[in-house]
Amino acid sequence: MHYRAPGRVNIIGEHTDYNDGFVLPTTTSAYTNVTAERRDDRQVRLRSRNLNDAKSFSLDDVATSDSPTWADYARGVAVEIEAHGIALCGADITIDGNIPIGGGLSSSASFEVGIAVALLDIAGATLPDKRIAQLCQLAEIHFAGVNCGIMDQMAIAGCERGKAMLIDCRTLHTQHADIPDHARLLVVDSGVRHLLPESDYNERATECADAVSILSRNDAGVKALRDVSVEMLESSRDELGELLFRRARHIVTENQRVLDAFDALQSADLQSLGQLVSQSHASLRDDFQISCGPVDQLVEIADTCSGTLGSRQIGGGFGGCVLCLTTDEYLDAVREQIAVEYGRISGQTPWVHVVEPSDPAGPVPKE
Ligand code: GLA
């Protein structure tokens, strides 16, 4: 059987998910493709066409590893599903895909969710999208050591074709909005890959938690940065210190931008959406500090193109892709100008992808 899981493109709401906040992702037609055949034992044999590598594991091997490999993401998914009470069966699995690894389109969550839907299906089991997302998130936390939020797995498991999905990451309540027909989302890879992205990611998560423990001394109702207003932050600025104040200010203001962006999308107001996207980048660059020089240059290039409504770093940060919001009419010119100008300063033609919000992860429909 063939399955596929899309990539995730986050329109707005960066690093808010693990702060119980709001996010507004969509999916795109860059995929992890999974072919799975059932086996009669408890061995899972994996072959990655992209990595030209093969690995195998037993479903009974439930120990986490100190130095995880790509196969541990799959093993983690299997272990979490079985821990949830579903008996899986062994499988021969082949994987390939065209989502840039480490590029901010969540190749890892796409891999996890693709493996989950395949393993469940060949075992004759089903689970709701949200449960699949939660189990894949646990796999990433326990088996890959990244204290990630739930946005990527939720979007890949459940975002509807042609739509963006507002997720309340505290309640997991979701609402969908159409992406207007004339809107175009362009993703451009800066080509920059940070050496230890997970350690910086975990550091930001720790800083947010530190801010919460200080803020909750003044207000016991503060359980997460979701519960904090800009006024509360201002009044605790000295106690927080400048670094934690800025980290928290990004999260607090970003949550509001996500809600405003959802309203803008619902009323097809692309100008306002673009402004929010650009404000998000400034906040990620200056307050949360997860951007980097080449990404800022790419955003500046995108912003100077006539027809760009807004652009920003997407994903975990420290490199990877930039999202640029434009319209049908300007798409070709913007794409061309960005490729040429960024190509000139980086010395390479960047990977440029026009987002096609696609179906969530599942079996590949028969032609
Ligand atoms: C990564 C994580 C997500 C989210 C983003 C940043 O993609 O997996 O949970 O935190 O970074 O918004």
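Whatever order the structure lists them in is the order used to number ligands and atoms, beginning at 1.
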Would you tell me whether S110 and T32 have side-chain atoms, one donor and one acceptor, within less than 3.5 Å of each other?
yes
Go through the side-chain N and O atoms of S48 and D53 and say whether any donor and acceptor fall under 3.5 Å apart.
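Per modelled atom types, S48 and D53 side chains form no pair under 3.5 Å.
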Can you tell whether the side chains of R257 and D260 come within less than 4.0 Å, N to carboxylate O?
no
Between F288 and H250, what is the ring plane arrangement, given parallel below 30°, perpendicular above 60°, and tilted in between?
tilted
Rounded to the nearest 0.5 Å, what's the gap from OG1 on T304 to CD1 on I338? Could you check?
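Spacing of OG1 (T304) from CD1 (I338) equals 8.0 Å.
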Quick check against the 3.5 Å criterion: does Y73 have a side-chain atom that pairs as donor or acceptor with the backbone of A144?
no
Can you list, by chain and residue number, every protein residue with a non-hydrogen atom closer than 4.0 Å to ligand 1?
R8, E14, H15, D17, Y18, C148, G149, M151, D152, Y201, G315, G316
